[in-house]
*Asks:* 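One structure follows; several queries about it will come next.
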Amino acid sequence: MTLTPELRRGFLEKMALSRAFDDAMIALYWEGKVPIFAFGAGPLPGELHCSNGAEPIGAGVCGALSADDMITADHRPHHVAVCRGVDLDRMSAELLGKKAGLSQGKGGHMHIYDPAVNFASSGIIAEGMAPAAGMALARRLQKKPGVAVTFLGEGAANQGAFHEVMNMVGLWKLPVITVVQDNEWGVSTAKSESTAIERNSDRAAGYGMAGEYVDSNDPDDIYEAAARAVKRARDGLGGTILELKTARLAGHFMGDQQGYIPEQMKQADPIPLYRAKLIRDGVITEAQADAIQAAATERMAKAMQFAKDAPYPDASEAFDHVFAA
Ligand SMILES: Cc1ncc(C[n+]2csc(CCOP(=O)(O)OP(=O)(O)O)c2C)c(N)n1
């Protein structure tokens, strides 16, 4: 898999669309809310954990996958979902609680599910790991191709589920790539105060699998590391813990003013950096970069209009799809 100019241009397009999605949802979230404190109700029900800063992960990792591959993500799923090609209209409707949403408006922003592109997410941290391993095992038993990729934060890497699933993936050499997104913070707890070692990717040795840390929030570097992990998985060499240094620019949730982050630890925005890099490398011109941004804004405006125009589910449907009570 080669890093072509088309692929790199596509990374910028996907990152711009992901950011447009988050910025539109952030603006909507604040409608009807008390500024700064996030009290009150508005058109966007529930909490909102945005991906601003982590877009290179979605673009780089999803760029290395094929349609057969399967993804599970966590409570901060937008960048992965958008870059995977989850239906943007229905994803937007899901956040607004509309019946046209991917889960008929009952899942909200943490529970994005689109079987058309093998994508699911859950608000329970590290929860997506076992289903990812299960899907990889199922494919193996069915003699069908497919690598499973599970996305989580560095905070979730201290959950019990992480260790249990990694052991089975290592033991059975399952084609599972565990993407640990290291934005340094689990809510307001620093990685250095919660994790015994500096790099979760070093834990891979304890599970008999490959581990790689990418100290760069650039989709080119992420793509190349992801492509190496995908190749190992497809070649039958088992899983990889791929830890990616990234940024959390919009706070843990809305209303988080991030007062606990020292000024010198504030992270850079990767999108303008990548835009400048592509222009410097002669992949695109300034005008083409502006056109990519304009197209993303326009596409998101259409998705938001679809979501706003869509009807709410009927109250009589509230208990549909409840399997046990
Ligand atoms: C099992 C479980 N415990 C606690 C929570 C509450 N919670 C939501 S996000 C979060 C922190 C997650 O940090 P990290 O995994 O580093 O991801 P980030 O938010 O930084 O992307 C916590 C504790 C949860 N959702 N699930």
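Computed from a prediction, not measured in an experiment: that's the story for all the values here. Just follow the structure's listing: the first ligand is 1, and inside any ligand the first atom is 1.
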*Asks:* Have a look at ligand 1 and work out which part of His75, if any, has a heavy atom under 4.0 Å from it: side chain, backbone, both or neither.
*Replies:*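 The answer is the side chain of His75.
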*Asks:* If the cut-off is 4.0 Å to any non-hydrogen atom of Glu154, which atoms of ligand 1 fall inside it?
*Replies:*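 Under 4.0 Å from Glu154, ligand 1 has these atoms: 16 (O).
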*Asks:* Among all protein non-hydrogen atoms, which one is nearest to atom 23 (C) of ligand 1, and what is the separation to 0.1 Å?
*Replies:*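 Here the nearest protein heavy atom works out to Ile125 CD1, 4.1 Å.
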*Asks:* Where is the nearest protein heavy atom to atom 25 (N) of ligand 1: which residue, which atom, and how far?
*Replies:*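 Residue, atom and distance for the closest contact: Gly123 O, 2.8 Å.
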*Asks:* Considering the heavy atoms of Ala156, write down every atom of ligand 1 situated less than 4.0 Å from one of them.
*Replies:*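 In order of numbering, the contacting atoms are 15 (O).
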*Asks:* List the closest protein heavy-atom neighbour of atom 11 (C) of ligand 1: residue, atom name, distance to the nearest 0.1 Å.
*Replies:*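 Looking only at protein heavy atoms, the one closest to atom 11 (C) of ligand 1 is Val187 CG2, 3.6 Å.
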*Asks:* Between the side chain of Asp281 and the main-chain N/O of Val283, is any donor-acceptor distance below 3.5 Å?
*Replies:*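 Such a contact is absent between Asp281 side chain and Val283 backbone.
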*Asks:* Using heavy atoms and a threshold below 4.0 Å, how should the contact between Gln159 and ligand 1 be classified: side chain, backbone, both, or neither?
*Replies:*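 For Gln159, only side-chain atoms sit under 4.0 Å from ligand 1.
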*Asks:* Relative to the heavy atoms of Arg76, which atoms of ligand 1 are at a distance of less than 4.0 Å?
*Replies:*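 Under 4.0 Å from Arg76, ligand 1 has these atoms: 18 (P), 19 (O), 21 (O).
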*Asks:* Look at ligand 1 and say whether Arg248 reaches it with a heavy atom at a distance under 4.0 Å.
*Replies:*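 Not so, Arg248 does not reach ligand 1.
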*Asks:* For residues Phe151 and Gln181, determine if any side-chain heavy atom of one lies less than 4.5 Å from a side-chain heavy atom of the other.
*Replies:*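 Yes, close enough: below the 4.5 Å cut-off.
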*Asks:* Is any NZ, NE, NH1 or NH2 atom of the basic residue among Asp290 and Arg275 found under 4.0 Å from an Asp or Glu carboxylate oxygen of the other?
*Replies:*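 The answer is yes: the pair qualifies as a salt bridge.
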*Asks:* Between His252 and ligand 1, which residue portion shows a heavy-atom distance shorter than 4.0 Å: side chain, backbone, both, or neither?
*Replies:*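 Just the side chain.
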*Asks:* Using side-chain heavy atoms (C-beta onward) and a distance below 4.5 Å, is Tyr274 in contact with Glu55?
*Replies:*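 Contact flag for Tyr274/Glu55 side chains = no.
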*Asks:* To check you understand the geometry: which heavy-atom pair defines the closest contact between Leu44 and Lys33, and what is its length?
*Replies:*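 Here Leu44 and Lys33 meet closest at O-NZ, 3.8 Å.
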*Asks:* Specify side chain, backbone, both or neither for Asn183, according to which of its non-hydrogen atoms lie closer than 4.0 Å to ligand 1.
*Replies:*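 The answer is the side chain.
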*Asks:* Under 4.0 Å from atom 6 (C) of ligand 1, is there at least one protein heavy atom?
*Replies:*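 No, no protein heavy atom sits under 4.0 Å from atom 6 (C) of ligand 1.
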*Asks:* Within a distance under 4.0 Å of any heavy atom of Gly155, pick out the atoms of ligand 1 and give their elements.
*Replies:*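 Within the 4.0 Å cut-off of Gly155, ligand 1 contributes 14 (P), 15 (O), 16 (O).
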*Asks:* Does Arg9 come within less than 4.0 Å of Glu13, counting only side-chain N to carboxylate O?
*Replies:*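 A salt bridge is present here (some side-chain N lies under 4.0 Å from a carboxylate O).
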*Asks:* Less than 4.0 Å between a side-chain N and a carboxylate O, is that true for Lys245 and Asp218?
*Replies:*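 A salt bridge is absent here (no side-chain N lies under 4.0 Å from a carboxylate O).
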*Asks:* Testing the basics here: between Asp69 and Arg234, what is the closest heavy-atom pair and its distance to 0.1 Å?
*Replies:*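 Taking every non-hydrogen atom into account, OD2-NH2, 2.7 Å.
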*Asks:* Using a strict cut-off of less than 4.0 Å between a Lys/Arg side-chain nitrogen and an Asp/Glu carboxylate oxygen, indicate whether Asp220 and Lys277 qualify as a salt bridge.
*Replies:*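 Judged by the 4.0 Å cut-off on N to carboxylate O distance, Asp220 and Lys277 do form a salt bridge.
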*Asks:* For ligand 1, which atoms, with element, lie under 4.0 Å from some heavy atom of Gly186?
*Replies:*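 It comes down to these atoms of ligand 1: 13 (O), 16 (O).
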